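Report on the structure given below.
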Amino acid sequence: MTTHSTGADRDDAGETPRYRLVADALRQDIQNGVPAPGEALPKQEQLMRRFRCGRGTVQKALQLLRDEGLLEEGVPGRGARVARQAAIGRPLVYYISRAFEAPHVSLDVWSLHTEELSRAVQQQAELIRLGDRPAPQSVRVRVLVPDLDTHHPYPRHLDDPSDLRPLRRLRRVIRMYTEALHHSLTQLAEEGTVGSVSVEIRSLPTVPGEKRYLINGSQMLTGYYFLRRTRILVDAESIEVLELHSDTLFPATLEGNGARSVERAEFQQVQAWFDSRWEMVATALPLDE
């Protein structure tokens, strides 16, 4: 476990950057279905008049919405369009961005690896470091991943099931992204940017059937793993493997007082499962400090 504290705990005061206010307003429009998935947003000149801001502010807001998966990637000569997938779900970075708006951030995660989570948290850490968003007062993260010793059944070389190279590759991925997640958060504490940071990463001798993100004690995201055939490069050799894969979009979820009782009950059930595995089964994952 790594825990850092400083005497200079930050409050959540601070002026929100203009481009984030523009992005918030446009995000609300998209969530309300105007414009609908596949339709174009107003031209940049119209957005500049609406929000009484410069082109750079509008462009930064649009890029933020692209990063969240709400807008299609830009095409020269064509205005920004709402992503067709926006009606289905949003990427993890969207939910992590919202989580970091709270003064106290908490994340409990059970996943095959932490690539998505690490990238999303690193993005928030960089925004905080640059002063583009207020720093939370505290961040607490607990992550469960498969251990690095068990002979997990996937990924598996289709032509040679005894080949351990795909499994070793997965272990490297697990270690690489957990270390990146650990570093990006503890660095905020070491710099004094966030008053209190706790990052713990433990492992289980199994692979998950789904990935779970329990966010700020009130929201749960679930993504299910399925088997797929794909080719990977190991030792300069392209081999076909059977591996676990999951979609990268999560449907919108209710939280807090807006959640139905059945949703709150499911959240509490998963939280209890996580806590029990954390205390009774999980072991600390070794990280290079």
Side-chain angles (χ1 to χ4, degrees), residues 10-105 116-137 139 184-185 187-188 191-194 215-216 219 221 248-253 255-256 258:
R10 302 286 292 267
D11 62 24
D12 59 344
E15 188 173 344
T16 302
R18 182 66 173 167
Y19 79 92
R20 292 191 66 87
L21 295 176
V22 174
D24 289 344
L26 293 176
R27 187 186 300 109
Q28 187 64 52
D29 290 346
I30 293 171
Q31 291 172 349
N32 291 336
V34 182
E39 293 181 350
L41 264 66
K43 294 181 178 180
Q44 291 188 16
E45 288 77 7
Q46 294 173 281
L47 295 176
M48 291 163 59
R49 289 195 296 271
R50 173 185 171 184
F51 295 107
R52 298 181 181 178
C53 64
R55 187 178 300 276
T57 298
V58 169
Q59 290 175 341
K60 288 184 71 174
L62 295 178
Q63 186 57 52
L64 179 60
L65 296 178
R66 288 191 186 95
D67 292 342
E68 294 177 0
L70 294 179
L71 298 181
E72 295 177 356
E73 289 301 320
V75 176
R78 193 179 77 173
R81 288 182 177 272
V82 178
R84 298 185 185 278
Q85 65 191 24
I88 303 172
R90 298 184 176 90
L92 181 63
V93 64
Y94 166 79
Y95 296 100
I96 297 301
S97 176
R98 291 191 62 199
F100 270 75
E101 294 172 359
H104 301 284
V105 180
E116 288 178 89
L117 179 65
S118 178
R119 295 185 190 279
V121 168
Q122 284 178 317
Q123 182 183 93
Q124 298 310 305
E126 185 63 18
L127 289 172
I128 291 170
R129 190 172 292 109
L130 294 173
D132 284 343
R133 75 170 308 153
Q137 297 175 38
V139 178
S184 63
L185 288 173
Q187 188 176 24
L188 290 175
E191 296 168 349
T193 310
V194 176
I215 301 175
N216 290 354
Q219 185 175 45
L221 306 179
T248 59
L249 299 179
F250 298 89
T253 61
E255 56 184 310

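Only this structure's heavy atoms are used, side chains among them; waters, hydrogens and symmetry mates stay out. Keep in mind the model is a prediction, meaning the values are calculated, not measured.
- Between R133 atom CZ and Q123 atom CD the span is 9.0 Å, to the nearest 0.5 Å.
- Between the side chain of R66 and the main chain of E72, a donor-acceptor pair closer than 3.5 Å is present.
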CA sep, side-chain torsions, deciding dist, call: L26, L70, side chain to side chain contact (heavy atoms under 4.5 Å, CB included) = CA-CA 10 Å; L26 293 176; L70 294 179; over 6 Å; no
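- Applying the side chain to side chain donor-acceptor pair (under 3.5 Å) rule to R20 yields the partners S97; only residues at least two apart in sequence or on another chain are considered.
- Smallest separation of non-hydrogen atoms from A61 and A23: CB-N, 3.8 Å.
- Legend: residues meeting side chain to side chain donor-acceptor pair (under 3.5 Å) with E126, ordered by chain and number and at least two apart, are R129.
- With E191 contributing its side chain and L188 its backbone, the two residues share no donor-acceptor pair below 3.5 Å.
- When the salt bridge (Lys or Arg N to Asp or Glu O under 4.0 Å) test is applied to R81, no partner is found at least two apart in sequence or on another chain.
- With sequence neighbours left out, Y19 forms a side chain to side chain donor-acceptor pair (under 3.5 Å) with no residue at all.
- Residue pairs satisfying the salt bridge (Lys or Arg N to Asp or Glu O under 4.0 Å) criterion with at least one member in residues 50-65, sequence neighbours excluded, are listed as follows: D29-R50, E45-R55.
- R27 CZ to L64 CG: the interatomic distance, rounded to the nearest 0.5 Å, is 6.0 Å.
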inquiry  = As a quick check of understanding, evaluate side chain to side chain contact (heavy atoms under 4.5 Å, CB included) for F100 and L127, giving each step before the final call.
reply    = CA-CA 11 Å; F100 270 75; L127 289 172; over 6 Å; no
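- Of all non-hydrogen atoms in P136 and A102, the two that sit nearest each other are CB-O, 3.5 Å.
- Shown here for L71 and V82, the closest heavy-atom pair between the two residues is CD2-CA, 4.0 Å.
- The shortest non-hydrogen separation linking A83 to P37 is O-CB, 3.6 Å.
- L21 contributes atom CG, which lies 10.0 Å from atom SG of C53 (distance to the nearest 0.5 angstrom).
- In terms of heavy-atom proximity, V105 sits nearest to N216 at CA-OD1, 3.4 Å.
- Of the inter-residue distances, the one linking L47 atom CG with T57 atom OG1 reads 11.5 Å to the nearest 0.5 angstrom.
- Not counting sequence neighbours, the partners of E116 by the side-chain contact (heavy atoms from CB on, under 4.5 Å) test are L92, K211, Y213, T248, F250.
- Every residue two or more places apart in sequence or in another chain that forms a side chain to side chain donor-acceptor pair (under 3.5 Å) with Q63 is listed here: D67.
- A donor-acceptor contact shorter than 3.5 Å is absent between the side chain of Q124 and the backbone of V121.
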request  = Applying side chain to side chain contact (heavy atoms under 4.5 Å, CB included), run through I215 and Y95 and close with a yes or a no.
outcome  = CA-CA 8 Å; I215 301 175; Y95 296 100; 4.0 Å; yes
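- Partners of A120 by side-chain contact (heavy atoms from CB on, under 4.5 Å), not counting sequence neighbours, listed by chain and number: V93, I96.
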